[in-house]
Amino acid sequence: MSNEQQVRIYNPTEEFKKNAAVSGMDAYRALCKEAEDDYEGYWARNARELLEWKKPFTQVLDESNSPFFKWFADGELNVSYNCLDRQVNAGLGDKVAIIFEADSGEVTKVTYKELLSRVSKFANALRGMGVKKGDRVVIYMPMSIEGVVAMQGCARIGATHSIVFGGFSAQALRDRIEDAGAVALITADGQHRGGKAMPLKPIADEALSLNGCDTIKNVIVAKRTGAATEMKAGRDVWFDDAVADQSDVCEPEWVSAEHPLFILYTSGSTGKPKGVQHSTGGYLLQAILSMKYTFDIKPDDVFWCTADIGWVTGHTYITYGPLACGTTEIVFEGVPTYPDAGRFWRMIQDHKVSVFYTAPTAIRSLIKAADNNPTVHPTKYDLSSLRILGSVGEPINPSAWEWYYENVGGSRCPIVDTFWQTETGAHMITPMPGATPLVPGSCTLPFPGVQVAVVDETGTEVPWGQGGILVVKRPWPAMIRTIWNDPDRFVKSYYPADFQGKLYLAGDGAIRDKDTGYFTITGRIDDVLNVSGHRMGTMEIESALVAHEKVAEAAVVGRPDDLTGEAIVAFVVLKGSRPTGEEAKAVIKELQTWVGHEIGPIAKPKDIRFGENLPKTRSGKIMRRLLRQLAKGEEITQDTSTLENPGILEQLKG
Ligand code: WTA
């Protein structure tokens with residue numbers, strides 16, 4: 001480590017190391033070397049060992065149409081078969097697949113056999129409606145067993161699902177339905193969160209009433225809250241009714257490894273959210289391999305990933321990875337702070353969770369809660385079942401890391417700080433818990449077989465100790481295949497000409513430690529914000545703001561926030577005069593509500609400031625760097641002499 005600062009290193013214990021899938025650094029290096037020496041051979045070996053193929057592949061990586069890479073393209077398999085039938089066939093039918101804990105605390109357990117039956121019935125229901133291989137199905141559901149069943153059901157018949165997070169608005173849902181050209185929508189009457197029942201079906205109805213959704217022929221509605229629900233005859237059907245008379249045997253649709261398993265919309269720096277398209281074989285391979293290597297998953301483990309199925313983490317580490325490994329996992333409907341901020345710790349205790357995977361933003365808020373109320377402090381619970389802790393979604397600050405390590409993990413459990421993205425499908429840079437010496441705040445080293453680097457603007461690798469741009473040097477099996485409906489944008493966004501189209505641009509900055517080569521992610525290098533681990537494009541929020549009748553112009557930037565990582569700050573020019581005092585407060589509220597309605601509550605700016613204009617260069621470009629300084633409350637150090645009206649800086653100081 002750098003000698004300027006004493007960094008504490010946390011080594012795995014000998015005991016942990018002994019039983020670990022990747023045991024010790026020599027084992028880790030051997031895997032990396034295997035991949036280095038024979039890249040295709042390494043991935044092909046794993047694909048043969050970890051997946052059950054209906055038709056074995058003969059091709060491994062096809063780079064002929066770069067950067068539209070293909071993996072195992074002539075092989076055929078089915079993801080749902082690999083997750084469910086495989087476990088039942090192996091004698092795990094009576095093993096608990098899902099422990100569902102509702103917001104209310106009610107617990108429901110589903111075995112692999114039961115899950116296979118439920119998925120098969122649902123898949124048959126979809127088939128009965130005429131949904132077929134390649135059709136897109138949008139899922140807008142709360143955290144529920146039905147949510148997982150819906151995803152697996154689509155996979156079973158080869159329909160490509162696209163989950164829209166239950167916190168997104170009607171407008172956001174509409175946009176995704178239209179872009180995907182979906183034929184069916186699966187939703188619920190509502191959802192429970194923090195003791196409150198919230199509507200979903202009414203939002204879905206609003207979305208469907210907007211232009212662009214007429215491709216939707218069927219709407220399937222799961223009953224969750226029991227709220228009075230309007231059902232449109234000929235279009236809407238209750239989930240329970242749809243599956244009631246279906247057979248629980250459903251022959252899987254065998255698809256090519258390259259068949260699109262799902263599309264998941266995520267934010268980019270420009271334009272509308274992009275539909276990240278994932279494959280079947282390569283995606284599932286890395287979901288499984290990362291369960292084995294990063295989470296060291298064992299038959300007795302109880303795994304809990306706290307993400308929502310609406311995000312990629314919920315796809316890979318709830319719906320697919322754990323089930324494909326025959327794991328018992330927790331699916332949680334509620335929030336970490338209800339009925340109190342000890343909820344996570346109580347659930348770990350009650351269900352004897354052994355591998356726990358959450359986001360820094362949750363940890364930070366629970367640290368704060370425990371500081372204020374000692375009864376919800378993790379040390380008040382029996383967390384002795386834990387053996388591995390994970391972190392994902394944003395950089396974890398060393399102090400939060402240490403708190404997590406000591407108070408949740410009892411200074412016993414390795415923390416895997418996993419860096420990855422919607423586009424990467426699975427972990428890219430992460431410790432191996434039984435091998436990698438841990439340094440708080442660093443995601444350490446690449447996953448075996450993944451080849452990442454830090455480069456400058458020309459694509460040349462920079463020396464360790466020097467910051468740069470994070471890239472992936474070789475295609476990997478679980479990578480994004482394209483952007484749905486927009487292959488040009490795929491190429492431009494991820495394989496830019498600056499790097500001769502040869503390097504995958506992650507969109508993050510990174511630096512490698514000058515002694516160990518460990519990676520630390522320094523944050524996005526584009527106009528993407530990370531608020532509580534949720535990706536938000538500044539452009540999306542700006543477009544939402546200017547769609548409001550009072551707004552003439554808007555610019556959105558991020559500001560560091562102790563709790564949410566980043567907070568959204570909006571600089572707004574109104575069509576009328578600049579409001580002040582009470583009037584300003586009222587407009588701020590109105591605009592926050594508006595953005596919540598246009599995109600979803602997660603996109604609401606925390607801070608809105610009004611100016612008569614925005615600071616622009618002579619050529620009319622908004623000076624975002626200056627706005628970032630203003631947002632942080634920093635002194636302006638930049639030359640502002642070119643500003644048309646320097647007085648507006650005063651107005652925007654907030
Ligand atoms: C950030 C979530 C630092 C990063 C799986 C990335 C992280 C974006 C980490 C992807 C981490 C994710 N350390 N930063 N361990 N994990 N990020 O697509 O900026 O929702 O590009 O995928 O989150 O967010 P996404």
Side-chain angles (χ1 to χ4, degrees), residues 163 165 167-168 262-269 273-278 283 286-287 290 294 305-318 320-321 357-364 389-398 400-401 404 415-431 436 438-447 450 452 454 467 469-472 478-480 483 493-494 504-512 518-538 540 558 560 564-566 602-603:
I163 320 290
F165 172 59
F168 275 124
F262 66 88
I263 302 165
L264 183 58
Y265 287 83
T266 190
S267 296
S269 45
K274 36 195 181 185
V276 172
Q277 180 183 319
H278 275 288
Y283 171 78
Q286 277 187 261
S290 53
T294 313
C305 164
T306 68
D308 191 286
I309 50 168
W311 310 115
V312 74
T313 308
H315 284 60
T316 308
Y317 299 107
I318 295 178
Y320 295 118
Y357 191 32
T358 196
T361 191
I363 297 166
R364 287 193 300 265
L389 302 175
S391 172
V392 61
E394 49 182 322
I396 177 163
N397 38 314
W401 193 103
Y404 192 30
I415 297 181
V416 287
D417 174 2
T418 61
F419 169 84
W420 61 297
Q421 309 177 296
T422 303
E423 295 86 341
T424 68
H427 302 154
M428 298 299 275
I429 310 179
T430 174
T436 319
L438 305 173
V439 173
S442 166
C443 50
T444 73
L445 295 169
F447 189 90
V450 169
V452 284
V454 181
I469 301 165
L470 183 69
V471 295
V472 188
M479 71 185 297
I480 173 176
I483 292 176
S493 307
Y494 302 109
Y504 167 87
L505 177 69
D508 283 288
I511 182 165
R512 300 188 68 168
Y518 274 19
F519 288 79
T520 292
I521 305 298
T522 51
R524 300 287 305 191
I525 52 170
D526 53 11
D527 290 324
V528 172
L529 305 182
N530 191 325
V531 182
S532 297
H534 300 321
R535 261 169 82 166
M536 298 295 329
T538 50
E540 273 170 75
T564 56
E566 272 189 300
I602 51 171

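Note: hydrogens, waters and symmetry copies are ignored here, and every other heavy atom, side chains too, is used. Every number for a ligand or one of its atoms is a count from 1 in the order of the listing.
- Between Arg364 and Glu394 there is a salt bridge, since at least one side-chain N of the basic residue sits less than 4.0 Å from a carboxylate O of the acidic one.
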Residue pair Ser290, Tyr317: steps toward the side chain to side chain donor-acceptor pair (under 3.5 Å) verdict: CA-CA 9 Å; Ser290 53; Tyr317 299 107; 2.6 Å; yes
Side chain to side chain contact (heavy atoms under 4.5 Å, CB included) evaluation trace for Thr418 with Phe447: CA-CA 9 Å; Thr418 61; Phe447 189 90; over 6 Å; no
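- Scored by the ring-ring contact (aromatic ring centres under 6.0 Å, His included) test, Phe419 finds no partners at all (sequence neighbours excluded).
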Return all side-chain donor-acceptor pairs below 3.5 angstrom for residues 305-312, not counting sequence neighbours, or 'none' if the list is empty.
residue, atom, partner, partner atom, Å
Thr306, OG1, Thr358, OG1, 2.8
Asp308, OD1, Gly310, N, 2.7

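- Protein residues having a heavy atom under 4.0 Å from any atom of ligand 1 are Val312, Thr313, Val392, Gly393, Glu394, Pro395, Asp417, Thr418, Phe419, Trp420, Gln421, Thr422, Asp508, Ile521, Arg524, Asn530, Arg535, listed by chain and number.
- Evaluation of the side-chain hydrogen bond (donor to acceptor under 3.5 Å, both in side chains) rule for Tyr265 yields Asp179 as partners, not counting sequence neighbours.
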